[in-house]
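Okay, so here's the structure we're looking at.
Order of the sequence lines fixes the chain letters, A, B, ..., with proteins taken first and strands second; residue numbering starts at 1 for each chain.
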2 protein chains.
Amino acid sequence: MNKSTENILKNSNLRNTHGRTSILEILTKAGKPITQEQIAVKLKKTLNKTTIYRNLESFLKAGMVHRVFLNQRMWAYELSHNCTENQCHPHLICRKCKKTTCITNCNIPLFDNIPGFKIERQKILFEGLCPGCQ
Amino acid sequence: MNKSTENILKNSNLRNTHGRTSILEILTKAGKPITQEQIAVKLKKTLNKTTIYRNLESFLKAGMVHRVFLNQRMWAYELSHNCTENQCHPHLICRKCKKTTCITNCNIPLFDNIPGFKIERQKILFEGLCPGCQ
DNA sequence: CAACAAATGCAACTAAGTTGCAAAGACAAA
DNA sequence: TTTGTCTTTGCAACTTAGTTGCATTTGTTG
């Protein structure tokens, strides 16, 4: 079991359970947004979907994870170490392969000076072609 | 019946039905993204939800309308006259009142020069406070 | 170890959106 | 105006991502 994972959980007042550590492990390995269903499959369905959803939600609340909206009605989750408080890196949904990619090699400012609004966070979604599909 | 609406439908090879014109009327009046359910209520449930969904989809295909993702699992639709081919205006979901507002008085560039990716369209979603909630 | 709170699994539920099909309606040609 | 064809509509049944209630199990602290 990973020591730092254990500490992360402790710091967020979350109990150190097998379910949580294995979900975090999978999110770490994935390195990109994945869905509840994908997590369940990688765990060979040894963890109940309710449990996965509930754990992902507690990770969300603790800020360890964020989620992006996929296609029609699914969320994909990923670790949030590449995100600042106000802005997560942009994502691209590829028109061809439909996969979601994280775009971390760009430098997009925070548009927080829009008259009349108080902008606290911004999410950017690109549509187009990923490197593999051009 | 609005003559321009009629022409818009004709140009998109869509038949001029009562359902379609009344949905377009409501979207025009709304001037912001609204959901299927909201449309149905404004029509006093005289139009079946299947019909509304199917018409919204044909509007989407024709480019007359675009949609933004709302809260948990709902889409909101709005007329796309304020959008360019590559970018729609940003939207803000207010942390307090949960309403979605269109932000049209800002000038955000298209980030289409990201190495490795072919960006065709960008969608920006802000979270924060709307003018009424500050 | 005991006691309590939190996490888990299961089954049933919710609800936004979809599908199949028969009936009604739009529209172009005659 | 009528006819014929293709599109649109309504209805009911369905799909499925995500949620809820509850009984059981597990982690943690003293």
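Sorted by residue number, the members of residues 41-50 of chain A with any non-hydrogen atom under 4.0 Å from DNA chain D read A:Lys49, A:Thr50.
In this structure, the CD1 atom of A:Ile39 is 16 Å from the C1' atom of C:dT8, given to the nearest Å. At whole-Å resolution of the value, CD in A:Gln38 and P in D:dA17 are 11 Å apart. D:dG18 atom P lies 15 Å from atom CG of A:Asn55, rounded to whole Å. Protein atom CG of B:Leu56 is 15 Å distant from nucleotide atom P of C:dA16, rounded to whole Å. The nearest whole Å value for the distance from the CD1 atom in B:Ile52 to the P atom in D:dC11 is 12 Å. Distance CZ (A:Phe59) to P (C:dA6): 17 Å, rounded to an integer number of Å. Between the NZ atom of A:Lys61 and the P atom of C:dA7 there is a distance of 11 Å, given to the nearest Å.
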Per-nt protein contacts along nucleotides 22-30 of chain C (heavy atom under 4.0 Å; B base, S backbone sugar-phosphate only, - none) come out as ---BBS---
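A donor and an acceptor atom, one from each side chain of A:Thr50 and A:Asn48, are located under 3.5 Å apart. Side-chain contact, A:Gln38 with A:Thr35: a donor N or O sits under 3.5 Å from an acceptor N or O.
Inter-residue side-chain proximity for A:His66 and A:Lys123 is flagged as unmet; no heavy-atom pair is nearer than 4.5 Å. The shortest distance between side-chain heavy atoms of B:Asn55 and B:Leu14 does not fall below 4.5 Å. Side-chain atoms of B:His91 and B:Leu125, non-hydrogen and from C-beta on, do get closer than 4.5 Å to each other.
Contact between A:Cys130 and B:Phe117 at its shortest, heavy atoms only, is CA-CD2, 4.1 Å. The two residues A:Pro109 and A:Gln122 make their nearest non-hydrogen contact at O-NE2, 2.7 Å. Residues A:Ile39 and A:Ile26 share a closest heavy-atom pair of O-CD1, 4.1 Å.
Counting non-hydrogen atoms under 4.0 angstrom, B:Arg20 reaches the backbone sugars and phosphates but no base.
Nearest nucleotide to the side chain of A:Tyr53, out of D:dC11, C:dT18, D:dA17: D:dA17.
OP1 or OP2 of D:dG10 lies within a sub-4.0 Å distance of a side-chain N or O belonging to B:Thr51.
Residues B:Lys42 and B:Glu37 are not paired through a salt bridge, judged by the lack of any N-O separation under 4.0 Å between the basic side chain and the carboxylate.
Between the side chain of B:Arg54 and the base of D:dG10 there is at least one donor-acceptor pair of N/O atoms closer than 3.5 Å.
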